[in-house]
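Here the structure is laid out as structure tokens; the discussion comes afterwards.
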Amino acid sequence: MAEKTVTLAHGAGGKQTSELIDQVFKAHFSNPQFTADDAAVLNMGEGRLAMSTDGFIVSPFEFNGGNIGKLSICGTVNDLSCMGAKPLYMTCAFVIEEGFPLDKLEEIAASMEKTANEVGVKIVAGDTKVAGKGQVDKIFITTTGIGKIMDNADTSGTYAKPGDAVIVTGDVGRHGCTILLARDEYGIDADVDSDCAPLWGTVESLYTVTNEIHTIRDATRGGVGTVLYEIAEQSGVGVRLNAADIPVDPAVKGVCGMLGLEPLYLACEGRLVIIAPKDKAPALVEKLREGKYSKNAAIIGEITADNAGRVVMETEIGAQTMLPQPGGELLPRIC
Amino acid sequence: MNEQAKKARDIITNYKGRPLRIMEVCGTHTHEIFRLGLRKLLPENVELISGPGCPVCVTPVGFIDEAIWLALEKGCIITTFGDLIRVPGTEMPLAGARAKGAQVRPVYSPLDAVEMARQNPDEQIVFLAVGFETTTPSACLAVETAKKEGLKNFSLLTANKTMPNAYNALEGSADAFLYPGHVNAIAGTEICEELKKRGVSGVVAGFTASELLTALAVILVNAEKGEPFFVNCYPRVVKAEGNPSARELVKRVMEPCDTEWRGLGVIPMSGMKLRDEFAEFDARKKFGMPKITGKPNPACRCGEVLQGKCKPSDCKVFGKVCTPEHPVGACMVSDEGACAAYYQYGGV
Amino acid sequence: MCVGLSAKVVSVKDGTALIDANGAKREVSADLLEELEPGDYVMVHAGVAIAKITESDEDEANDVMENLL
């Protein structure tokens with residue numbers, strides 16, 4: 001390829017399109033199922049399947065700890081994993097803005113390959129469209145995944161029961177904080193990197209401890225706070241958190257302090273919220289702390305019968321208050 | 001919590017003296033008090049009232065209309081503290097104007113708006129200058145900087161306010177005030193001493209758990225003695241003389257004027273506007289703005305809430321038509337707003 | 001009304017201070033404070049250092065409570 005950027009010709013379906021597919025995507029996504037035909041043909045065998053799709057438009061497309069490619073694999077892998085499903089196959093669709101640097105596209109594809117390989121998920125089909133300058137913001141990726149649910153897994157946001165423990169698999173708000181800093185709108189500098197990670201291994205490890213896991217959710221957009229409100233609503237229960245037990249990186253706390261933001265509402269891309277019976281929780285946390293993406297796992301609260309639909313926080317002065325309900329865009333609060 | 005903070009908490013939870021109404025004047029106090037669940041610790045005979053100290057909440061509807069006029073009619077880029085973006089104007093909030101093509105950018109500091117003006121010489125940058133004694137110096141610094149550098153594309157839309165005359169308007173609405181620590185960091189504590197001479201009690205309070213517990217304990221212990229009192233409970237930040245350089249800066253750039261407070265009406269000489277020497281940085285003058293009068297929603301009782309005359313839950317639209325996602329009044333917008341705080345943290 | 005941030009001064013140059021709050025760093029105006037030095041603690045509001053402060057709110061609580069009781 002002579003050009004150094006993606007052009008409209010790359011999306012026209014002709015020779016240049018094949019070149020782009022061969023040299024960027026086939027080079028990175030090669031596997032026996034990767035198809036040149038109109039659809040991939042898969043043999044899934046017996047059992048229940050889980051399927052999920054997600055679009056990614058993060059700006060900037062590169063950030064501390066990852067890029068939009070890694071994110072697009074992690075997002076769908078984690079959605080499947082939360083259902084106890086081992087991710088098997090994925091498809092990805094790119095919408096690329098005319099003029100996007102080819103070496104960056106190559107880097108993105110390479111991160112996707114690396115992340116997919118780590119999980120053992122195969123990318124079996126893809127699509128590329130090129131949009132005119134200004135029609136999209138650099139690059140958008142949509143991924144769809146299919147996975148096989150383990151026979152011993154049965155999780156849902158409706159299964160949380162009073163007396164269950166609430167576990168989070170690491171410190172909260174890192175991805176959201178990283179993106180906020182990467183946009184450089186507020187002149188703040190901090191050593192924070194995204195928690196973006198594929199969590200199938202993390203979920204698999206939980207089931208070596210017990211099958212009694214009621215809910216697993218990945219806390220993406222809206223953060224852990226939003227996920228907890230969703231679970232409270234779906235299961236018709238209350239959530240009581242202990243403020244002192246919620247892991248937050250000091251620098252994330254610093255940035256939030258500067259802008260008046262609540263870390264529980266900043267996005268994560270590699271953190272699970274797990275609801276499981278209280279007597280199983282310590283062993284689960286112990287197991288999680290052995291995993292590379294969940295070293296700071298902690299029990300942060302419990303499910304209650306009272307305050308149904310609400311998330312209540314036990315504060316540092318020993319009083320209870322409600323966690324503000326999620327809503328609207330995150331705006332820094334200064335005065 | 002350390003030992004002293006525990007002691008302070010015990011004083012608060014065990015208070016058995018006369019009934020007391022304490023007004024926190026500052027919106028950040030309101031916010032922190034709710035975040036900590038401090039109200040839950042108070043005995044029944046102590047009531048905390050949220051006062052008019054959230055600049056977003058006291059900013060009148062017409063100010064938002066003025067900002068939208070600058071954005072849509074004059075094509076200015078509006079820079080603002082984040083909270084103002086969702087405050088309802090007569091027809092829409094700034095967020096709504098954004099959907100119609102207005103450029104609205106949240107900034108951390110007015111100095112960042114000056115930087116935006118430097119980098120975009122072909123755009124007109126307007127900063128929405130709201131806030132009290134604490135915040136006004138930053139806006140004045142921005143104007144002085146812009147003047148020094150000869151920037152022609154930076155201006156302020158001012159709605160700055162000062163507390164002293166508001167205290168007069170609030171006199172009698174509480175037995176003691178939690179004074180806004182960061183206002184006093186600039187203004188000093190002379191005014192608090194004067195208020196004490198007039199029989200108005202209060203303490204300057206900080207914002208952390210230990211500072212708020214301490215300040216409330218100090219109020220309760222002193223209230224039992226029956227005499228008017230003033231105690232600076234935030235000495236690590238607030239000095240008696242305040243910050244004289246900040247006050248001189250404000251005096252150089254701005255002068256007092258009458259101003260409208262949402263809910264309280266016009267309070268004479270309680271606002272700040274740019275002096276004539278800085279007219280070129282006054283967006284109203286610079287862009288020949290016509291007189292714009294906002295029309296607030298008549299059902300909204302934010303005004304009475306701000307004066308402690310009614311609780312948010314007494315308002316007919318509270319929690320029904322008026323929610324943080326669809327605020328009717330400004331008190332529902334800012335996290336600091338009394339209504340938003342009641343909505344978010346109340347009822348537990 | 002005024003969210004303040006207590007932070008440590010890392011460096012000062014030409015009326016601008018680099019401050020650090022738990023690892024979050026930003027440049028703020030040092031114009032309103034005299035003789036600011038690295039290592040000082042300041043209260044920052046809207047990008048301006050408004051007061052030189054002492055770091056610990058707990059020490060302060062101790063002092064205030066001791067005077068009270």
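Reminder, nothing fancy here: chain letters follow the sequence lines and each chain counts from 1.
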Between side-chain atoms of residues 238-245 of chain A and protein atoms elsewhere (two or more places apart, or another chain), which donor-acceptor pairs fall under 3.5 Å?
| residue | atom | partner | partner atom | Å |
| --- | --- | --- | --- | --- |
| A:Arg240 | NH2 | A:Glu302 | OE2 | 2.4 |
| A:Asn242 | ND2 | A:Asp245 | OD2 | 3.4 |

Check: More than 12 foreign heavy atoms under 6.0 Å from CD of A:Glu286: is that the case here?
Finding: no
Note to self: As an exercise: rank A:Ile188, A:Val255, A:Leu181, A:Asp191 by heavy-atom pairs under 4.5 Å with chain C and give me the winner.
What the structure shows: A:Ile188
Next item on the list: Find out whether C:Asn22 and A:Met258 are in side-chain contact, i.e. whether some heavy atom of one side chain is under 4.5 Å from a heavy atom of the other.
Entry: no
Can you list, pair by pair, the side-chain donor-acceptor contacts under 3.5 Å of residues 287-299 of chain A, counting residues two or more places apart and other chains?
| residue | atom | partner | partner atom | Å |
| --- | --- | --- | --- | --- |
| A:Lys287 | NZ | A:Glu290 | OE1 | 3.4 |
| A:Arg289 | NE | A:Ala297 | O | 2.9 |
| A:Arg289 | NH2 | A:Ala297 | O | 2.8 |
| A:Tyr293 | OH | A:Glu118 | OE1 | 3.2 |
| A:Tyr293 | OH | A:Glu118 | OE2 | 2.7 |
| A:Ser294 | OG | A:Leu288 | O | 2.6 |

Checklist line | Exceeds 12 heavy-atom contacts within 6.0 angstrom, atom NZ of C:Lys52 | finding: yes
Next item on the list: Taking all heavy atoms of A:Gly254 and all of C:Ala24, pick out the closest pair and write down the distance.
Entry: C-CB, 3.6 Å
